[in-house]
Amino acid sequence: MQIHLSRPDITDNEIEAVCEVLRSPNLSLGPKLPEFEAAFADYIGTKRAVAVNSGTSGLFMCMTALGIKPGDEVITTPFTFIASATAVMMAGAAPVFVDIDPASLNIDPAKIESAITENTKAVLPVEIFGNPAGFDKVCRVAQQHNLPVVEDSCEALGSALNGKKVGTFGTMSVFGFYPNKQITTGEGGMILTDDDSLADICLSLRNQGRSKGDNWLTHERLGYNFRISDINCALGITQLSRIDQIKSKRRQVAEWYRQMLADDERIIVPAEQQGCDMSWFVFVVRLADRFTQEQRDRVLQEMIKRGIQVGNYFPPVHLQPVMVRRYGYKKGDFPITENVCKSTIALPFYNNLSKDQVTTVSAALKDVLDNI
Ligand SMILES: Cc1ncc(COP(=O)(O)O)c(C=O)c1O
């Protein structure tokens, strides 16, 4: 028996939509690209959307479009997937980490101000695991200092805070569509903004530095091939049309886990915070403080031995070898992040995970904890 950490949810409609593109003459830069962008902008409620080939390239393009360059600093969180920070580095700038709020696991808005220097050019907060808590406060601090916010919403499609959708908080925001995400395009991402000039720069960066109306072989700026094919876009359009259903399926799985695990004092289960409408990305539990990192690691190994895929989402970004080598970050720099990271266990989580599977995973976790 294997229970996977994540699995895509692909129906016959998705397969038919992809096949339709395969039968057409336009595998890339065809009609599905603007259709996906329009549907996405409409769902989130922004003026513009630019579809790209990954969340990572989307974040990098935001940095470039905002003019972020070597010598600049961008404030972000050390509790995230590495790409939030490496996108800053790709633009030649330095990520400056600020510790997290232990309740939301998002960047702590109260700590941002003290990290701002004359070199700070943007704030890049992340809705970790789909949680939008604190984003109103993050934006308020950034606004007071005239700093643009690049919202890393890669994990949070469908979440909202006090009725305001994730993806509308930042000057620019980015979603990701890797297969473990709420919706997938195989690989892909989306940049959103209300600013026409930023969106136009992204269109150009995506397509080899070409500008609107230019001759195909005129290249105005240093550009890239960050295009997403119509095959991927067709998949994205169909997935997006089911987002409400997807969100409620994931909510149900999260609810089953909560029912089965919340009464065990060894396990801290994630909760939806006040004002948050959470679109669940993953279900990450934490072990109580008395457990060591070594014990957590043994739990992960034991679960995997039993055929249940689990993960340590995430190790601290500031302690990744590349960050230590380049910037000299060290253990103890961000104690709240480090304390959370030593205790996390991402459990299997996807749309069609059954109640029986959730029961199996929950029972296995309790049994493993009984024996470590
Ligand atoms: C928070 C966060 N930022 C950025 C990314 C990068 O997205 P992608 O894998 O599409 O490049 C991911 C997804 O993996 C993510 O979870």
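Treat the numbers as computed from the prediction; the structure is a model and nothing was measured. Counting convention: from 1, in listed order, for ligands and their atoms alike.
In terms of hydrophobic clustering, with Ile, Leu, Val, Met, Phe, Trp and Tyr side chains grouped at heavy-atom distances under 4.5 Å, Ile268 and Met278 are assigned to different clusters.
For the pair Lys165 and Tyr43, the cation sits on the ring face: its NZ or CZ lies under 6.0 Å from the ring centre, inside 45° of the axis. Taking the ring centre of Phe169 as origin, the terminal cationic atom of Lys164 falls inside the region bounded by 6.0 Å and 45° from the ring axis.
Ring-plane geometry between Phe79 and Phe129 is classed as perpendicular, the angle between the planes exceeding 60 degrees on a 0 to 90 degree scale with a lower cut at 30. Phe314 and Phe81 have tilted rings, their planes meeting at an angle from 30° to 60° on a 0 to 90° scale.
Near ligand 1, residues Ser54, Gly55, Thr56, Leu59, Thr80, Phe81, Ala83, Ser84, Val126, Asp152, Cys154, Glu155, Lys181, Gly188 come within 4.0 angstrom through at least one heavy atom.
For Arg221, the side chain to side chain donor-acceptor pair (under 3.5 Å) partners two or more places apart in sequence, or in a different chain, are Ser204.
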